Amino acid sequence: MKKEKNILITGESGFIGSHLIDFFVRNYSKYNIYGLDVLSYASNKKLTNHLFEFPNYFFEKLDIRNRDEIFKFFKENAITDVINLAAESHVDNSISNPILFAETNIIGTINLLDAFKKYSSGRFHHVSTDEVFGDLGPNDKPFNEMSPYLPNSPYAASKASSDHFVRAYHKTFNSDVIITNCSNNFGPHQHAEKFIPTVINSIKNNKLIPIYGNGKNIRDWLYVKDHVSAIDLVFHNGMSGNTYNIGANNELSNNELVSLICDIFMEKKYHDRPKELVSFVSDRPGHDRRYAVDCNKIKKNLSWVCQYDFKQSLSDTIDWYFKKSD
Ligand SMILES: NC(=O)c1ccc[n+]([C@@H]2O[C@H](COP(=O)([O-])OP(=O)(O)OC[C@H]3O[C@@H](n4cnc5c(N)ncnc54)[C@H](O)[C@@H]3O)[C@@H](O)[C@H]2O)c1
């Protein structure tokens with residue numbers, strides 16, 4: 001059926017994509033929402049299958065590296081707008097296989113930008129990371145939108161490169177683009193390889209909790225549903241050609257985070273002595289010490305606020321993994 005927009009959300013069967021597409025399908029019946037995903041090891045189509053009951057939801061299994069198929073898809077579905085989340089996202093994998101990260105995160109994004117330039121009239125919203133800015137010392141100010149790009153891992157380098165291409169398409173071709181750089185997300189649906197699911201699953205299965213190095217690395221944790229509300233706001237109201245940082249002013253060392261997760265496990269009586277499972281393992285090469293983002297721009301210009309309480313969100317996340325059977 002003809003609608004106001006035909007929005008493509010790539011990476012829809014991954015962690016953040018599955019929350020974002022659920023939000024868009026439910027809240028925007030005036031749009032057709034096209035989910036696209038190659039269904040890699042990191043995806044889980046079960047997270048979005050319930051959306052088939054909505055008449056404005058469509059799904060395509062497609063690889064963003066396949067340029068011809070991407071062009072065909074844009075043309076056949078008259079895609080007007082893109083929110084691009086499809087990516088290889090795990091830093092450890094980028095250390096063992098950087099080429100895959102360049103092919104997916106850089107070439108894949110260029111394919112989408114070119115198809116968008118040829119067939120679309122709306123906006124290209126690129127979802128990126130604060131890791132493009134590199135590493136902060138303990139007393140450095142958080143990254144803002146003017147911070148220089150200094151990526152340290154192959155993952156961060158591939159995302160930084162894709163950000164540069166998106167920006168260049170605005171300058172060179174006048175494409176309507178926007179970039180958001182967000183801090184570490186957490187919440188239900190995240191792949192088991194990531195830090196918080198690893199901690200939760202370790203305690204759940206009474207196994208050692210592996211913590212890289214000395215556990216003093218600091219991250220600014222953002223609940224995935226707050227990230228979704230920020231993307232919604234920036235996609236609709238952000239200024240073309242701009243970048244917006246998204247974070248939660250919620251800095252914790254890995255040791256503090258694990259301690260809090262253990263406390264919640266004990267409060268819920270899911271485990272008696274989870275802190276005894278902590279085990280420090282060899283550090284990740286090039287492991288950034290601290291990330292923190294200054295998100296005053298999105299707060300001031302677009303009136304965005306985090307709505308979810310951190311401890312409650314973490315508790316809900318633990319419940320999701322605890323009750324998950326597969
Ligand atoms: N999770 C975080 O903390 C975080 C933080 C900052 C930025 N980001 C960015 O947000 C986006 C989503 O992250 P996530 O955590 O949901 O990742 P994820 O790994 O859970 O999901 C990525 C999805 O992209 C799909 N995908 C991978 N290669 C593809 C290809 N060639 N063609 C089509 N689809 C492909 C995967 O199948 C998967 O479903 C990524 O671009 C990531 O860089 C994530």
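Because the structure is predicted, anything quoted here is derived from the model rather than measured. Sequence positions, counted from 1, serve as the residue numbers for this chain. For ligands, and for the atoms within them, numbers begin at 1 and follow the listed sequence.
The closest approach between a heavy atom of Lys159 and any atom of ligand 1 is below 4.0 Å. For the ligand labelled ligand 1, residue Asp63 lies inside the 4.0 Å heavy-atom shell. Residue contact check for ligand 1: Ser183 places a non-hydrogen atom closer than 4.0 Å to it.
Of the protein's non-hydrogen atoms, the one nearest atom 27 (C) of ligand 1 is Ala87 O, 3.4 Å. Regarding atom 37 (O) of ligand 1, its nearest protein heavy-atom neighbour is Asp37 OD1, 2.5 Å. Ranking the protein heavy atoms by distance from atom 18 (P) of ligand 1 puts Ser89 OG, 3.6 Å first. The nearest protein atom to atom 44 (C) of ligand 1, hydrogens excluded, is given as Ile16 CD1, 3.5 Å; this is a heavy-atom distance. Among all protein heavy atoms, the one lying closest to atom 28 (N) of ligand 1 is Thr104 CG2, 3.4 Å. Among protein heavy atoms, atom 34 (N) of ligand 1 sits closest to Val38 N, 3.2 Å. The nearest heavy-atom contact from the protein to atom 7 (C) of ligand 1 is Ser128 O, 3.2 Å. Atom 32 (N) of ligand 1 has Ile64 N, 2.9 Å as its closest protein atom, hydrogens excluded (heavy atom only).
Residues forming a side-chain contact (heavy atoms from CB on, under 4.5 Å) with Phe58 (at least two apart in sequence, or on another chain): Asn32, Tyr34.
When heavy-atom distances to ligand 1 are checked against a 4.0 Å cut-off, Leu62 comes that close only through its backbone atoms N, CA, C and O.
Residue Gly14 has at least one heavy-atom neighbour below 4.0 Å for each of these atoms of ligand 1: 20 (O), 21 (O), 38 (C), 39 (O). Taking every heavy atom of Cys182 and a limit of under 4.0 angstrom, the matching atoms of ligand 1 come to 5 (C), 6 (C), 7 (C). Which parts of ligand 1 touch Asn184 is read off a 4.0 Å heavy-atom cut-off, strictly below it: atoms 3 (O). Ligand 1 places these atoms under 4.0 Å from at least one heavy atom of Ser43: 37 (O), 39 (O).
For the pair Lys297 and Tyr244, the cation-pi test (distance below 6.0 Å, angle within 45°) is passed. Phe173 carries Lys117 over the face of its six-membered ring, with the cationic atom under 6.0 Å from the centre and within 45° of the normal.
How far CG of Asp294 is from CZ of Phe143: 11.5 Å, rounded to the nearest 0.5 Å. Annotation: the span from Ile21 atom CD1 to Ile83 atom CD1 amounts to 9.0 Å, rounded to 0.5 Å. Rounding to the nearest 0.5 angstrom, the gap separating the NZ atom in Lys159 from the CD atom in Glu88 is 10.5 Å. The line from CG of Asp288 to CD1 of Ile218 is 12.5 Å long, rounded to the nearest 0.5 Å.
Paired with Asn185 under the rule side-chain hydrogen bond (donor to acceptor under 3.5 Å, both in side chains), one option of Gln190, Lys194, Lys225, His227 passes, and it is His227.
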Ile64/Asn111 under side-chain contact (heavy atoms from CB on, under 4.5 Å): CA gap, chis, key distance, verdict: CA-CA 7 Å; Ile64 59 169; Asn111 289 338; 5.7 Å; no
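Among Phe101, Phe15, Tyr155, the residue whose heavy atom lies nearest to atom 42 (C) of ligand 1 is Tyr155. For atom 11 (C) of ligand 1, the nearest non-hydrogen atom from the set Ile196, Leu85, Asp130 comes from Leu85.
The aromatic ring centroids of Phe322 and Tyr270 lie less than 6.0 Å from each other.
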Result block: side-chain N/O donor-acceptor pairs under 3.5 angstrom for residues 9-20, not counting sequence neighbours:
from, atom 1, to, atom 2, distance (Å)
Thr10, OG1, Asn84, OD1, 2.6
Thr10, OG1, Leu85, N, 2.9
Thr10, OG1, Ala86, N, 3.0
Glu12, OE1, Tyr57, OH, 2.6
Glu12, OE2, Lys45, NZ, 3.3
Glu12, OE2, Thr48, OG1, 2.8
Ser18, OG, Gly14, O, 2.8
Ser18, OG, Phe15, O, 2.8
Ser18, OG, His189, ND1, 2.8
His19, NE2, Pro188, O, 2.8
His19, NE2, His189, ND1, 3.3

